[in-house]
Protein chains: 4
Amino acid sequence: MSGRQLAGPRRRRPIQRRAQQTIDAILDGTVKVLKRAGGGGITTNRIAAAAGVSVGSLYQYFPDKRAIFAALHDRHVEQASRRIEAALVAHADAPLDGLVRALMEALMEAHASDPELYALLDRELPQGGAAARMLHERLRGALRLALAARPAKPGRDLEATLFVVAHMLDALAHGAILNRPPHLSLRAAREEALMAVTHYLQT
Amino acid sequence: MSGRQLAGPRRRRPIQRRAQQTIDAILDGTVKVLKRAGGGGITTNRIAAAAGVSVGSLYQYFPDKRAIFAALHDRHVEQASRRIEAALVAHADAPLDGLVRALMEALMEAHASDPELYALLDRELPQGGAAARMLHERLRGALRLALAARPAKPGRDLEATLFVVAHMLDALAHGAILNRPPHLSLRAAREEALMAVTHYLQT
Amino acid sequence: MSGRQLAGPRRRRPIQRRAQQTIDAILDGTVKVLKRAGGGGITTNRIAAAAGVSVGSLYQYFPDKRAIFAALHDRHVEQASRRIEAALVAHADAPLDGLVRALMEALMEAHASDPELYALLDRELPQGGAAARMLHERLRGALRLALAARPAKPGRDLEATLFVVAHMLDALAHGAILNRPPHLSLRAAREEALMAVTHYLQT
Amino acid sequence: MSGRQLAGPRRRRPIQRRAQQTIDAILDGTVKVLKRAGGGGITTNRIAAAAGVSVGSLYQYFPDKRAIFAALHDRHVEQASRRIEAALVAHADAPLDGLVRALMEALMEAHASDPELYALLDRELPQGGAAARMLHERLRGALRLALAARPAKPGRDLEATLFVVAHMLDALAHGAILNRPPHLSLRAAREEALMAVTHYLQT
DNA sequence: CATGAATGAGTGTTCATTCAT
DNA sequence: AATGAATGAACACTCATTCAT
């Protein structure tokens, strides 16, 4: 992350690099405000202040407030998607069980990195569900590839299987991080969830 | 103040009946505005107008705007809870499979009655997730009763099972109504989901 | 105050008596609210509640909110005026010094009966100054009578004397009750004030 | 941040100058509305309009409506205080009579500059009395200094004298401007008032 | 490009007043 | 006469957005 960049194309397009830094600062500022003041306390001026830029600059990079939230959602979706695809690639030719476990772990890690933030993103921001739906689509796409590449059990409806597996992975990973009952460890939750998915797929 | 009142609920307070009518009108007005203008377009004045009452009356029954949303969530939770409990009672002594099917149907019906509304409640209103979480708790409670009343497979962790089943039912019912892929009928989605849950429980 | 009324015209115009009771209840309720919630917290509904009547009844007796305040001011002015006139009558043929003392005591008693209330009336209610001005007029009238009935020092302008004495009595009585510095007893303040007025008049 | 700024207040912040202009415009706007519409007609939007700024700007400089009134009171108190202190300084070593006259004139001028305004400030605005009380305190402080610096008559209570003189000056100056009876010139009122105070002090 | 003061439409909420019961 | 639910004009205040500097 550091030595490489100095060795490569030095100071190439510094403008765009600065722009990306400002964008990131704004998104991080949004997160800061979100955690500090909750969803009702988010204002563009506060975001700008927390990001260390002026409101004017904020509007240079985002057409309006919603766009900031959308970008924040996107950043999360992007991160999670990368994990999903990495799992997909790593287990391309391996048994399905391993892939399912890897996907479950990818989803959990995506939220576990900052559970508070993702809970807020979902609950406090309008359109919070959109990110979840988009991520769900990516997961479904990954699963479609994975299942299509393997011998299907006869008489099985791919769409139905996809529907069930994608929802199970999504809900169980999400729930394991954000909605786990007391007395149930994350590890136990994950193993039980994996068992459920695996058994279903083996049926 | 006299013996008469103890004799029975004769002449039920017309005041309270009217109040409840007004409250319902306000909640229905909120739904109307929500569908017409989206989550960003909800204002107390618009709600009052859609409900056919004055803003002043609205504030006679609700201390502030959030309370209206909370009541709307509650109404939904209450309706769904009643279905869940009815299913629980109806299958108290029946095999688990039947109960699971009944619960799944209850959850689906709860959202199917007005899918658009419940999607909006979840996505557009702040704190929208609260209703979903509360409903999840009710579902978990019902399942706990159901599982505790039946012979448990040895070596099984009740909490882990509860966690998985509750999330599966919730996510699959919700997804079947609101997030079903094209080319997959509601019926097919439900049967596949039920199969997944049932197989998991039989493990 | 009690025996007489029963002995006199019994149950005469009970309607008007009730009306006066209601009016008094409303004025007392206003005072209650004023003390409880301050000048900013006065609403007609609160006044009615504190008075134990309905808003509707309140409007039966007062055309609007301002009229309530006006009546409250009037009541105060009336009470104080009665004291002023009593002092005037009692000292009609006595030396001026005695009258001045009696007037000072009358003014002090008028505010001392409930200093908190009269401070609030002056400070928190709009038009509070009107009552003070009216009282000032009554005081000036009393003094005019008193001075006119006595031999004037030659070369003295009655209007100027009236102006000075009325303002002195008013300000010093008011100040002695509501604005007295610590370490100065009410008695000491009164005597000093009287000395100032008396000396001025003897000049 | 550099040595330059220490060299002197060159290039005084134009920002701060503009801010003060806006604040003054708002206060003047408040006065305009107060005179036009009375105390009951003052709204933040009207004030902003009369000041030639937007409501938003108004709230950039004042946290709420009360703060505007407070600032208006302060401005008045500040102006009057300056006059009082100037009188005090100018007559520091002169006879008491001259100081008393100067203080009386200072107080009269303070209100005479815009009698209507100060009558409104006192009568129409809630908490209007606060300014009067604060000014009274300043006056009392000035008198305390003045009396303490001069030989006291033996047997005289400083606090009592202060109480009487401060209230006399205050009430008579105020009354001469705002409550003077017809047929009494301002000059005559002032001279008579001064005579009363002077005689009292010589006792 | 950056700034942040200025904008003003729009919001939630209050409360004096009315009037059907 | 009394009631108190209903009314809705009006208010204080916010905040996304703009634009002169």
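Every chain is numbered from 1, with letters handed out A, B, ... down the list of sequences.
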All heavy atoms of A/R46 vs all of A/V33, minimum pair found to be O-CG2, 3.7 Å
Quick one: B/I42 CD1 to E/dG10 C1', roughly how many Å, whole number?
-> 16 Å
Give one of base, sugar-phosphate or nothing for B/I68, where a contact means two heavy atoms less than 4.0 Å apart.
-> nothing
Please tell me if the side chains of B/T22 and B/Q60 come closer than 4.5 Å, counting only heavy atoms from C-beta onward.
-> no
Length of the line joining C/Y59:OH and F/dA1:P, which is rounded to integer Å = 19 Å
d(CD1, C/I26; C1', F/dA1) in whole Å = 13 Å
Compare every heavy atom of C/L58 with every heavy atom of C/T44, then report the nearest pair and how far apart it is.
-> O-CD1, 3.6 Å
Contacts of C/G41 and D/T22 projected onto DNA chain E by closest heavy atom; the upstream (5') one is D/T22
So, do D/F62 and D/T30 sit near enough that their side-chain heavy atoms are less than 4.5 Å apart?
-> no
Could you state the CZ-P distance from C/F62 to F/dA2, rounded to the nearest angstrom?
-> 13 Å
Proximity to DNA chain F (any heavy atom under 4.0 Å), residues of residues 47-55 of chain C only | C/S54, C/V55
D/Y61 vs E/dA5: side-chain N/O to OP1/OP2 distance below 4.0 Å | no
Sugar-phosphate, base or nothing in reach of C/T44, heavy atoms under 4.0 Å | base
Do D/V53 and D/Y61 have side chains that get closer than 4.5 Å, going by heavy atoms?
-> no
Do A/D24 and A/R75 have side chains that get closer than 4.5 Å, going by heavy atoms?
-> yes
Working to the nearest 0.5 Å, report the span between CG of B/N45 and OG of B/S54.
-> 9.5 Å
Could you give the CD-to-C1' distance, from A/Q60 to F/dT18, as a whole number of Å?
-> 12 Å
Short side-chain to backbone donor-acceptor contact, B/D64 and B/A67, under 3.5 Å = yes
Between A/N45 and D/K65, the residue closer to the 5' end of DNA chain F by nearest nucleotide is D/K65
Under the rule of Watson-Crick or G-U wobble with both distances under 3.5 Å, where | means paired to another strand and [ ] a crossing pair, DNA chain F maps to .||||||||||||||||||||
Between atom CZ in C/R66 and atom P in E/dT17, what is the gap in whole Å?
-> 10 Å
Between F/dT21 and E/dC1 - C1' atom distance, rounded Å = 13 Å
Hey, does the side chain of A/S57 come within less than 4.0 Å of E/dT3's phosphate (OP1/OP2), counting only N and O?
-> yes
Report the distance from atom NE2 of C/H73 to atom CG of C/L135, rounding to the nearest 0.5 Å.
-> 12.0 Å
note: B/L58, atom CG; F/dA6, atom P; distance rounded to Å ~ 12 Å
